[in-house]
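Throughout, protein chains are lettered first and strands after them, A, B, ... in sequence-line order, and every chain is numbered starting at 1. Because the structure is predicted, anything quoted here is derived from the model rather than measured. Below, each value reflects all heavy atoms present in this structure, side chains not excepted, and no hydrogens, waters or symmetry copies.
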Amino acid sequence: MPPTGPGPTAEQPDAAEPRPTAEQLPAEADTGRRRFLTYLLAAPTLTIAARAGLDTVAPATARAAEAAPAAPAAAAPPAAPSQLLGLPGIPDIVDLGQALQVAGLPTAHLLVLEITTAGRAVLHLPRLEVGQGLTTTVAMMVAEELDARLSDVDVPLSDSRPDLLFNQLTGASNSVRTLYDPVRGAAAAARARLVTAAARRWSLPAETLRTADSAVTAPDGRRAGYGELAAEAATVVVPAVPATPKPPEQRRVIGRPTGRIDARDIVTGRAKYAGDLAVPGAVPTVVARPTTINGTLASLDASAARAMPGVLAVVTVPTGVAVLAETFDQALKARDALRTTWNPGPVAALSDPDIRGKLRAAHAPFLIPPLLTQYVDGEFDFAFVNHAPMEVLTAVADVRPNRAELWFAAQTPIVAQQTLAAELGLPQDAVTVHVVRGGGSFGRRLFYDAALEAARISRAAGRPVKLMWTRNDDMRHGRMRPASHHRVRATYGLGQVLSYEHRAATVMTDFGHGLGEALTAAGFQLSVAGLSLAQAFFLLSQSNPYNVGIPTQLLAEVPLKIPTGSWRSVYSGTVRVADEIMMDELARRLGQDPVAFRRARLREPAGRTVLDTVARAGSWGRAMPAGQAQGIGYHAENGGRAAYLVEIDATDPKQPRVTKAVIAADVGTVINPTGLEAQLTGALIDGISVILQAGNHIDRGAVREGSFGDFHYARQRHTPPVVEIHLLPPSGPPGGAGELGVPAASAAVANAYARATGTSPRSFPINF
Amino acid sequence: MPSHTFVLNGRPVTVEAPDDMPLLWVLRDKLGVTGPKYGCGVGVCRACTSHLDGEEIQPCTVAVKDCADRRVTTIEGLADGDTLHPVQEAWLDCDVAQCGFCQPGQIMTAVALLRRNPAPTDADIDQIQNICRCGSYPRIREAIKRAAAMTAPGS
Ligand code: FES
Ligand code: FES
């Protein structure tokens with residue numbers, strides 16, 4: 001089992017100080033600017049810390065810092081509530097993932113790789129695993145550069161480490177992009193020292209030694225495993241062989257399809273999530289919640305509940321009434337026995353039509369009047385969508401008078417630790433956040449709502465608790481992708497698109513999870529620039545990939561007290577979907593084929609390759625029976641690009657079925673094609689769900705749906721029996737891929753449905 | 001409190017619990033068997049899926065008293081020691097899991113399906129109700145077919 005305690009740097013703060021022996025390693029073949037800085041840490045066995053060279057993405061920093069303040073100068077007329085003109089092309093210079101890379105640079109050297117005397121290579125990962133396959137990807141990078149067996153690599157998730165400042169945020173598809181250099185640099189540095197230690201032991205020239213399968217071998221056949229060399233290698237200050245990562249052509253692990261390193265634990269039921277942990281004394285706990293969103297407790301009679309078997313305590317917290325019991329069954333039954341009344345929440349007067357009205361009223365007017373040109377307008381509505389990760393929100397909290405310890409799936413553990421410390425009146429270092437693998441997230445675990453609630457309950461009850469939100473709790477009081485309304489106008493003439501304006505209005509997205517601090521660290525002077533955090537995010541992430549005359553994009557946010565949060569692909573999941581539907585409509589107006597129309601306007605050559613690939617592999621344009629059609633969607637973001645071609649059978653428009661999907665993606669260097677394909681497939685299922693059938697209604701301040709019985713996330717019968725994925729040959733450094741597919745898949749499904757039914761769907765999900 | 005005796009993953013167990021306590025919480029909170037996952041508690045997500053006398057059940061909706069003297073099998077009891085069940089092997093071969101949370105239930109559902117129907121068609125596989133929020137459905141489909149082929153007579 002991988003060690004679960006804090007990494008060596010946390011135990012030995014002075015060890016984190018780089019020794020004066022920092023190596024500056026030669027540039028890697030595929031990028032002239034890349035440098036690898038690694039440090040040997042003082043430890044009994046070989047321990048390497050790594051950081052990325054500051055110049056890796058420094059040009060982007062400079063341009064980002066210049067770009068952001070430029071926005072307000074071009075801002076649209078001030079209109080309520082807040083507006084932003086998205087300058088075309090800014091995400092081409094720097095996108096959100098790059099911004100987070102930049103934010104992480106000052107601390108990236110604190111990534112730690114340890115070789116134990118038992119021969120394990122342990123990379124302490126300051127990120128969360130939620131199914132995206134990051135632990136496997138990172139283990140592959142270590143195995144590659146260390147020449148270790150993949151099965152000898154452990155990737156435990158680090159506890160929160162405030163020393164990492166902004167570099168412990170899992171999100172915006174930044175992980176692989178941020179970790180690619182430092183992880184490989186650390187492993188290559190460790191390998192060089194292991195080789196040097198073996199050379200000393202055998203009195204042989206180091207360059208005659210070979211490494212493979214977690215061992216060093218000499219020409220005469222002598223062999224020493226990494227475990228037995230680990231202590232000697234810890235004394236090697238200057239390695240005798242280069243500590244440079246391999247050139248791509250020598251790679252044997254990176255790029256090879258590889259199964260998850262934890263797959264066996266998963267299929268045998270051994271993988272542990274927060275609710276499976278046996279933390280001593282932590283008792284099952286559930287919370288009775290208001291009848292409307294953010295309602296408050298008006299009255300409570302807990303006498304019947306307290307008298308029920310197994311009940312240990314009933315305590316009141318700001319979010320509701322917590323019941324602690326010996327089992328979850330007893331806690332749930334006692335919760336049902338509470339006699340409560342609730343004050344209505346702040347949006348108790350609002351239902352979907354009211355919210356839509358507010359969104360429509362928030363738009364700024366179009367800049368370009370349709371005077372002498374032909375134009376096409378489109379208006380789109382997207383419903384709220386719950387994140388609904390399979391594992392409901394769960395947190396174990398043990399709060400004592402002078403310290404607190406928490407276990408949960410945290411995407412932002414540092415911010416969580418800081419907030420918990422402030423809430424509990426404890427010094428920050430008296431609060432420990434253990435990061436536990438999560439059962440899905442899709443953005444939900446950027447927020448630590450359940451951890452904060454669990455800490456309050458533990459403090460009030462004076463005992464450790466294992467808090468579980470029921471599915472119903474998470475559906476009715478959890479966070480959602482905010483509802484949005486989009487107004488798009490494109491003008492055209494002489495076969496060309498002349499201008500393209502997109503006005504997005506969304507219920508305000510809550511970014512209160514440390515992203516702002518990270519962006520500020522990356523050089524975005526939000527306050528100077530006059531941008532809200534959401535606007536900065538919009539600016540960094542929204543880009544129209546086509547030449548469509550003068551494009552402008554504006555975001556208007558309507559603040560409503562409804563719990564929201566980034567949902568996989570954030571704004572692109574709606575903005576870019578509306579754009580792609582408009583691309584189909586423009587093509588129709590101009591009498592052009594949707595693929596050819598896009599192809600002629602795509603700015604990136606790599607995008608055209610991706611589009612051509614799906615068109616060819618998916619036999620674009622093949623004849624389909626009535627009620628069936630193909631649809632196309634394209635998206636580029638975070639250093640990657642993807643096209644989806646789907647076929648749909650909408651003979652019964654109420655029961656459409658996507659029957660086939662062909663996907664092509666170019667995300668630069670692919671570490672693990674198996675993992676990447678899983679992400680692209682998951683995005684396809686998300687697209688099918690949110691476009692055709694899954695969303696949330698608001699009825700008088702309450703969420704209507706309560707479980708997967710009425711929140712219609714796709715089941716097996718809604719998914720295509722045929723899915724074909726084409727990954728383009730590796731080019732350039734890795735891009736982010738966890739979110740890339742959602743907008744393209746969603747758009748392809750919407751466009752296929754429109755073509756199959758001869759309708760123009762404008763409100764999503766379609767069957768809602 | 002009533003006591004209940006049943007066979008859990010091949011071994012007899014006796015547990016004190018109210019008659020109507022759902023098997024899921026008996027397993028998770030009283031016996032520390034955490035393979036069956038909670039995803040809804042009302043029988044719709046199927047994350048908890050396990051077997052009762054070899055048949056698929058959702059333990060969140062089965063009272064412990066109804067398990068008396070019967071065989072309960074959870075994901076932990078599927079392998080034979082270190083030898084995985086063919087369905088588990090197929091799951092590894094196809095690298096089905098993403099977050100993994102639904103997978104104990106998916107595997108137990110697939111095992112029960114293959115017992116009833118050793119050569120399921122796409123239409124049969126479409127009948128599976130288990131939610132996978134990560135969207136691993138295409139690989140689940142592929143793994144079921146692979147397991148069917150592995151265990152087919154003559155293979
Ligand atoms: S928890 Fe049993 S079916 Fe959902
Ligand atoms: S693998 Fe995450 S829910 Fe299925």
Taking every non-hydrogen pair under 4.5 Å, which of [options] racks up the most with chain A?
options	answer
B:Gly41, B:Pro22, B:Ala47	B:Pro22
B:Ala79, B:Pro18, B:Gly135	B:Gly135
B:Pro138, B:Ala17, B:Cys60, B:Ser136	B:Pro138
B:Cys94, B:Cys40, B:Pro36, B:Gly100	B:Gly100

Taking every non-hydrogen pair under 4.5 Å, which of [options] racks up the most with chain B?
options	value
A:Arg568, A:Lys466, A:His387	A:His387
A:Val392, A:Val723, A:Asn472	A:Val392
A:Ala661, A:Gly438, A:Gly440, A:Ala388	A:Ala388
A:Ala678, A:Ser707, A:Gly709	A:Ala678

State whether the side chain of [X] and the backbone N or O of [Y] hold a donor-acceptor pair below 3.5 Å, judged by distance alone.
X	Y	value
A:Gln716	B:Ile125	no
A:Arg715	B:Gln129	yes
B:Asp95	A:Arg260	yes
B:Tyr137	A:Ala714	yes

On a heavy-atom basis, which atom in [X] and which in [Y] lie closest, and how many Å separate them?
X	Y	value
A:Phe328	B:Asp29	N-OD2, 2.6 Å
A:Gln679	B:Gln98	NE2-OE1, 3.7 Å
A:Phe708	B:Cys45	CD1-CB, 3.9 Å
A:Thr327	B:Met21	OG1-CE, 3.4 Å
B:Gln88	A:Thr268	NE2-CA, 3.9 Å
A:Thr674	B:Arg139	O-NH2, 2.8 Å

Answer with side chain, backbone, both or neither: which region of [X] has an atom nearer than 4.5 Å to a non-hydrogen atom of chain B?
X	result
A:Pro721	both
A:Gln132	neither
A:Asp474	neither
A:Ala278	neither
A:Ile266	both
A:Arg270	neither
A:Thr258	backbone
A:Met475	neither

Run the numbers on B:Arg141 and A:Thr719 for side chain to side chain contact (heavy atoms under 4.5 Å, CB included), then give the verdict. CA-CA 10 Å; B:Arg141 187 183 295 276; A:Thr719 69; 3.9 Å; yes
Verdict with supporting geometry, A:Thr470 and B:Tyr38, side chain to side chain contact (heavy atoms under 4.5 Å, CB included): CA-CA 9 Å; A:Thr470 64; B:Tyr38 167 93; 3.2 Å; yes
Separation between [atom1] of [X] and [atom2] of [Y], rounded to the nearest 0.5 Å:
X	Y	atom1	atom2	result
B:Phe101	A:Arg437	CZ	CZ	10.5 Å
B:Thr34	A:Lys272	OG1	NZ	3.5 Å
A:Phe442	B:Cys99	CZ	SG	6.0 Å

What part of [X] is in contact with chain A, defined as an atom under 4.5 angstrom from a non-hydrogen atom: side chain, backbone, both or neither?
X	answer
B:Ala97	both
B:Asp126	both
B:Glu76	both

Report yes if the side chains of A:Arg471 and B:Val42 come closer than 4.5 Å at any heavy-atom pair, otherwise no. no
Electrostatic pair A:Lys333:B:Asp20 at N-O distance under 4.0 angstrom: yes
Salt-bridge present (B:Arg28, A:Asp276; N to O < 4.0 Å): yes
Side chain to side chain contact (heavy atoms under 4.5 Å, CB included) evaluation trace for B:Cys132 with A:Tyr713: CA-CA 9 Å; B:Cys132 174; A:Tyr713 192 80; over 6 Å; no
Decide if atom CD of B:Glu16 counts as having more than 12 heavy atoms of other residues, nucleotides or ligands within a radius under 6.0 Å. yes
